[in-house]
Amino acid sequence: MKKIFVIVLLVFFKLQLTAQTHKLAFSTSKGTFKVVLYDFTPKHKQLILNAVKDSVYKDAFFNRIIKNFVVQGGEHDESIAEREKNIDLNKRQRLQPEFNNRAFHKLGALGAGRDENIEKASFLNQIYFVVGKPVSKTELKKIEQKKGVKFTKLQRKTYLKKGGLPRLDGDYTVFGEVYQGLDVLLELSKVATDKNDYPLQEIKFNVKEIFEKAPVLFND
């Protein structure tokens, strides 16, 4: 009886560790998808929670869409460059990266955009969702050799099964993922765009925090 109690207790604590505490709903003209934010990337998690609270993403746009790559929204690279053109490099506001092996560029991953700064620090109000493409064992091996990294068992399993953008790992911060409505994101990724990846039709989105039972993640 005591052994069973200990096992139940261990399972309970494991669930507590793997269930993340904040979730967001992204409403678009194509439908709604839901995102869970990672507790182990706390600065990026708090950044977007504050942005949602301050209506930064009220009637925002997905303004850069690349099929088999990403759906990007918020402040566009060009807008940021124009706003910062007279600001010294060391005075431009950025958020330091938060890299974690559990946060990688799987299909549906939520990441923070950035420029070419050497610290790999994130823009404050630009996000993207990974659409990606199928990934092979050969590709993973080449990336490991090129970047001097080793993908974890979970990363490898996920990339080979569902695809993604493994070449971006360790360069851009991932801080959440879509857990419901992935089909909506995939539909968004297929809209027609011009030569600069701007959607030919406006794709607005609104974000709000939602309170529902969190999905259990990272239990493989």
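These numbers come from a predicted model, not from an experiment.
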(request) Determine, stepwise, if the pair Glu177 / Lys106 fulfils salt bridge (Lys or Arg N to Asp or Glu O under 4.0 Å). (result) CA-CA 8 Å; Glu177 65 181 85; Lys106 66 175 79 172; 3.1 Å; yes
(message) Working note: Tyr159 + Phe104, criterion ring pair (Phe, Tyr, Trp, His ring centres under 6.0 Å); need CA distance, chi angles, decisive distance, verdict.
(response) CA-CA 10 Å; Tyr159 279 136; Phe104 55 100; 5.3 Å; yes
(message) For the aromatic rings, using the six-membered ring if either is Trp, is the centroid distance between Phe33 and Tyr179 under 6.0 Å?
(response) no
(message) Less than 3.5 Å apart, any donor N or O on the side chain of Asn196 or Asp194 sitting next to an acceptor on the other?
(response) no
(message) Could you check whether Lys23 pairs with Glu212 (Lys NZ or Arg NE/NH1/NH2 to Asp/Glu carboxylate O, under 4.0 Å)?
(response) no
(request) Please check if atom CZ in Arg167 has more than 12 non-hydrogen atoms from other residues, nucleotides or ligands closer than 6.0 Å. (result) no
(request) Check whether the ring centres of Phe26 and Phe129 lie less than 6.0 Å apart, and answer yes or no. (result) yes
(message) Within 45 degrees of the ring normal and closer than 6.0 Å to the centroid, is that where the cationic atom of Arg114 sits relative to Tyr172?
(response) yes
(request) Look at Glu82 together with Lys85 and state whether they make a salt bridge at an N to O cut-off of under 4.0 Å. (result) yes
(message) Any donor-acceptor pair under 3.5 Å linking the side-chain atoms of Asp77 with those of Gln126?
(response) yes
(message) Under 6.0 Å between ring centres: does that hold for Phe61 and Phe205?
(response) no
(message) A cation-pi test, strictly: NZ or CZ of Arg102 under 6.0 Å from the centre of the six-membered ring of Tyr38 and no more than 45 degrees from its axis. Yes or no?
(response) no
(message) Looking only at the side chains, is there a donor atom on one of His76 and Asn63 sitting less than 3.5 Å from an acceptor on the other?
(response) no
